[in-house]
J.: 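Please see the structure below; I have some questions.
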Amino acid sequence: MPTINVIGMGYIGLPTSLMFANAGCNVIGTDSKSETVERLTAGQMTFDEPGLKAVYAQALAAGITFSTTYQKAEIYIIAVPTPYQKDTKQVDISFLTAAVGSVLDVCDDHSLIIVESTVAPGTIDTFIRPMIGAREIQIAHAPERIIPGRMVFELLHNSRVVGADTPEIAEQVKKLYSSFCTGDIVKTSIRTAELSKVAENTFRDVNIAYANELARICYEADLDVYELIRIANMHPRVNILQPGPGVGGHCIPVDPWFLVGNYPETVEVTSAARRVNDGQPAWILKRLRNIMDVQGIKSLSRVGFYGLTYKENVDDTRDSPTLQLLSLLADESADVVTYDPYVPCGLTPRQAESLDEFLESVELVVIMVGHDEIRANLGKLAGKAVFDTRAIVGAESNVVGL
Ligand code: SAJ
């Protein structure tokens, strides 16, 4: 089995490196943060994910090691972030180019570099190939598709895409991932692989935007959007997703901008969907003010937001709808009480430590995330006014839905 140096021990790089180690590869995980490397070497996981601890323990026993430096290997897998700048919507590929540069410093000719990081279509041709120049180094793109909360299952079972320059390299990469992945692995060009990843996440963004737009239409029409979507989805070729308080995380609200950036004259649906989903926290806030008026609640200090993460049962708060909404409140955000069982105190000014403490301090609860914890404790909401943006509570008299 080959020696693999996985670059970036984050949400994608760590689970992927563990899978390869458990499949018998000789794996070194590299991360620039010494704290991450120290923790992983000392047997401590760096984030929570169902089932990952056991996979990690097995990989440690199989001999995976972690380092802050790049290592000599036959294969390099790059899983560093490709964030975008919120104001300009420009993708920042500096982590990716820095990682490729460092790989090129240590690797021998005939090595293979696999980029897993999501990139804007054309990135590899425009920025990575010129770095490799005339060296005999192969490049491939194998974007990941796993979803936080189900990473272990999805790494093992999802289908994948491999983009490469020749059928031989594509087959080599396919064989490599087949060492742990039982899903179909489709071979294509690098440019198609780049675009397919971005197209998949954009499809989901557009579908959620449509659900959010339907929520606004149903509110104006005084209809139940969930009933509407349930009925529409009984059609054999309709599958509308669920409306909510907005779209967070580091993928779905980000990747569509890659298309907007590359094809500004062509995109229409993509940018409209971004506008709708980015505007959803403001719509929720407008609804909240209205509910406060009806309930006679004068100050946001009597309002509590349940959930700070971008979705249920994960500890990831990046770009979460709750944080987006709080940023719209400016000074008033200091008044609002928040609580999330996955997020230690310190993220927002008035953050409760427990569900009971949270509920004691508020009159109106806004459910922003449908964590299992609140689903298991719905009885505790008795006596509170509830604005349920995730449709978890049911049609009680004290509950207002979208
Ligand atoms: N959301 C809704 N309504 C829905 C579904 C989701 O409002 O019906 C919201 C969520 O609450 C969340 C956001 O959208 O705030 C995104 O959540 P998600 O669960 O849809 O997606 P991510 O960001 O966790 O993971 C996505 C996945 N992509 C697709 O499903 C096409 C995953 O497969 C990718 O690997 C991941 O992006 C990525 O890394 O690109």
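The structure presented is a predicted model; accordingly, all values stated were derived computationally and were not measured. Below, all heavy atoms of this structure are taken into account, side chains as well, without hydrogens, waters or symmetry copies. We count ligands from 1, going down the list as the structure has it; atoms in each ligand are counted the same way.
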J.: Look at atom 14 (O) of ligand 1 and say which protein heavy atom is nearest, naming residue and atom and giving the distance to 0.1 Å.
T.: Ile208 CD1, 3.6 Å

J.: Taking distance alone, with no angle check, do Lys311 and ligand 1 share an N/O pair under 3.5 Å?
T.: yes

J.: Counting non-hydrogen protein atoms only, what is the nearest one to atom 34 (C) of ligand 1? Give residue, atom name and distance.
T.: Ile146 O, 3.5 Å

J.: Determine whether more than 12 heavy atoms belonging to other residues, nucleotides or ligands lie under 6.0 Å from atom CZ of Phe203.
T.: no

J.: At what distance is the nearest protein heavy atom to atom 16 (C) of ligand 1, and which residue and atom is it?
T.: Gly248 O, 3.6 Å

J.: Just need the protein heavy atom nearest to atom 20 (O) of ligand 1, so name the residue and atom and give the distance.
T.: Arg204 NE, 2.6 Å

J.: Within ligand 1, which atoms have a heavy atom of Glu144 less than 4.0 Å away?
T.: 35 (O), 38 (C), 39 (O)

J.: Which option, Asn201, Val314, Ile147, Val247, owns the non-hydrogen atom nearest atom 29 (C) of ligand 1?
T.: Asn201

J.: Can you report which non-hydrogen protein atom sits closest to atom 39 (O) of ligand 1, along with the distance?
T.: Cys251 SG, 2.8 Å

J.: Just which atoms of ligand 1 are under 4.0 Å from any heavy atom in Glu200?
T.: 31 (C)

J.: Taking the ring centre of each residue, are Phe20 and Tyr177 less than 6.0 Å apart?
T.: yes

J.: What orientation do His371 and Tyr342 show, parallel under 30°, tilted 30 to 60°, or perpendicular over 60°?
T.: tilted

J.: Give me the atom names and distance for the closest heavy-atom approach of Tyr56 to Arg39.
T.: OH-O, 3.9 Å

J.: Report yes or no: do Gln71 and Thr69 form a side-chain donor-acceptor pair below 3.5 Å?
T.: yes

J.: Looking only at heavy atoms, is any part of Glu154 under 4.0 Å from ligand 1, and if so is it the side chain, the backbone, or both, or is it neither?
T.: neither

J.: Decide yes or no on side chain to side chain donor-acceptor pair (under 3.5 Å) for Ser159 and Arg145, but give the supporting numbers first.
T.: CA-CA 8 Å; Ser159 61; Arg145 281 177 168 167; 3.0 Å; yes

J.: Taking the six-membered ring of Tyr219, is the NZ or CZ of Arg287 close enough (under 6.0 Å from the centre) and on axis enough (within 45°)?
T.: yes

J.: Please tell me whether Ser354 and Asp356 have a donor and an acceptor in their side chains that are separated by less than 3.5 angstrom.
T.: no

J.: Specify the protein heavy atom at minimum distance from atom 33 (O) of ligand 1: its residue, its atom name, and the distance to 0.1 Å.
T.: Arg145 O, 2.7 Å

J.: Please classify the Gln280 to ligand 1 contact at 4.0 Å (heavy-atom distances, strictly less than): side chain, backbone, both or neither.
T.: neither

J.: For Gln242, which part has a heavy atom under 4.0 Å from ligand 1: side chain, backbone, both, or neither?
T.: both

J.: Please state which protein non-hydrogen atom is closest to atom 11 (O) of ligand 1 and give its distance, to 0.1 Å?
T.: Arg390 NH1, 2.8 Å

J.: Does a donor on one side chain and an acceptor on the other come within less than 3.5 Å for Thr338 and Thr348?
T.: yes

J.: What atoms of ligand 1 come within less than 4.0 Å of a heavy atom belonging to Lys197?
T.: 35 (O), 38 (C), 39 (O), 40 (O)

J.: Which of the numbered atoms in ligand 1 are below 4.0 angstrom from a heavy atom of Ile252?
T.: 20 (O), 21 (O), 23 (O), 26 (C)

J.: Show the nearest heavy-atom pair for residues Asp319 and Tyr84, with the distance to one decimal.
T.: OD2-OH, 4.2 Å

J.: Determine the minimum heavy-atom distance between Pro281 and Leu325, stating which atoms define it.
T.: O-CD1, 3.7 Å

J.: How far is atom 17 (O) of ligand 1 from its nearest protein heavy atom, and which residue and atom name does that atom have?
T.: Tyr310 CE1, 3.8 Å

J.: Where's the contact between Ile12 and ligand 1, heavy-atom distance under 4.0 Å: side chain, backbone, both or neither?
T.: neither

